[in-house]
Amino acid sequence: MSTGISPPLPIYDAGVIERLILEIAAELHPRHLTADELSRRIVTDPDDDREVETAAQAIRGLAECGLFRDRDKRLEPTPAALRAFELLA
């Protein structure tokens with residue numbers, strides 16, 4: 001039986017976007033990007049406010065969990081984030 005509720009598209013799923021952001025940050029390490037630079041790498045439609053906000057929410061979520069440090073406006077993945085990426089890759 002269907003509930004009539006569709007799952008969110010990947011571009012609106014904060015968990016999917018968090019994984020993508022972590023992957024990008026880990027692959028670029030030791031180069032670090034600002035939140036805006038990270039967002040521009042994953043947002044496909046900058047005019048889609050929902051997609052832009054999902055990316056911003058995902059970046060904030062990773063920082064709040066301690067997976068990013070803010071170094072002069074650049075987001076640096078923590079050692080724990082880099083290790084988690086290695087284990088899950």
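For reference, positions follow the sequence shown, starting with 1.
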For [X] versus [Y], what's the shortest heavy-atom pair and its separation?
X     : Y     : answer
Tyr12 : Glu51 : CE2-N, 3.5 Å
Pro77 : Ala25 : CG-O, 3.9 Å
Ala14 : Ala58 : O-CB, 4.0 Å
Leu22 : Ala81 : CD1-CB, 3.7 Å
Glu18 : Gly61 : OE2-CA, 4.0 Å

TODO: Indicate yes or no: does Glu86 engage Arg83 in a salt bridge with an N to O separation below 4.0 Å.
DONE: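 So Glu86 pairs with Arg83 through a salt bridge.
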Open item on the list: Check this for me, if you would: do Arg60 and Glu53 make a salt bridge, where the nitrogen-to-carboxylate-oxygen distance has to be below 4.0 angstrom?
Closed with: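 A salt bridge links Arg60 with Glu53.
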TODO: Please name all residues satisfying salt bridge (Lys or Arg N to Asp or Glu O under 4.0 Å) with Glu76, sequence neighbours left out, ordered by chain then number.
DONE: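 Expected list: Arg69, Arg71.
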- [ ] Under 4.5 Å between side-chain heavy atoms, chaining through other members, with only Ile, Leu, Val, Met, Phe, Trp and Tyr counted: pull out the rest of the cluster around Leu33, sorted by chain and number.
- [x]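 For the cluster that includes Leu33, the remaining residues are Ile17, Leu20, Ile21, Ile24, Leu28, Leu38, Ile42, Val43, Val52, Ile59, Leu62, Leu67, Phe68, Leu75.
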Open item on the list: Is it the case that atom CG in Asp45 sees more than 12 heavy atoms from other parts of the structure closer than 6.0 Å?
Closed with: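 Counting neighbours around CG of Asp45, more than 12 heavy atoms of other residues, nucleotides or ligands fall under 6.0 Å, so yes.
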Open item on the list: Quick check for you: to the nearest 0.5 Å, what is the distance between Thr34 atom OG1 and Asp36 atom CG?
Closed with: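 CG of Asp36 is found 5.0 Å from OG1 of Thr34.
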- [ ] Could you grab the distance from atom CD of Gln57 to atom CD of Glu64, nearest 0.5 Å is fine?
- [x]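 Here the rounded value is 9.0 Å.
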Open item on the list: Among residues at least two apart in sequence or on other chains, which ones pass side chain to side chain donor-acceptor pair (under 3.5 Å) with Asp70?
Closed with: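 So Asp70 forms no side chain to side chain donor-acceptor pair (under 3.5 Å) with any residue.
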Open item on the list: So does Ala35 get a backbone contact from the side chain of Ser39, meaning a donor-acceptor N/O pair under 3.5 Å?
Closed with: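 It does not hold such a pair.
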Task: side chain to side chain donor-acceptor pair (under 3.5 Å) partner of His29, chosen from Arg31, Glu27, His32 - done: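 One option only clears the test, and that one is His32.
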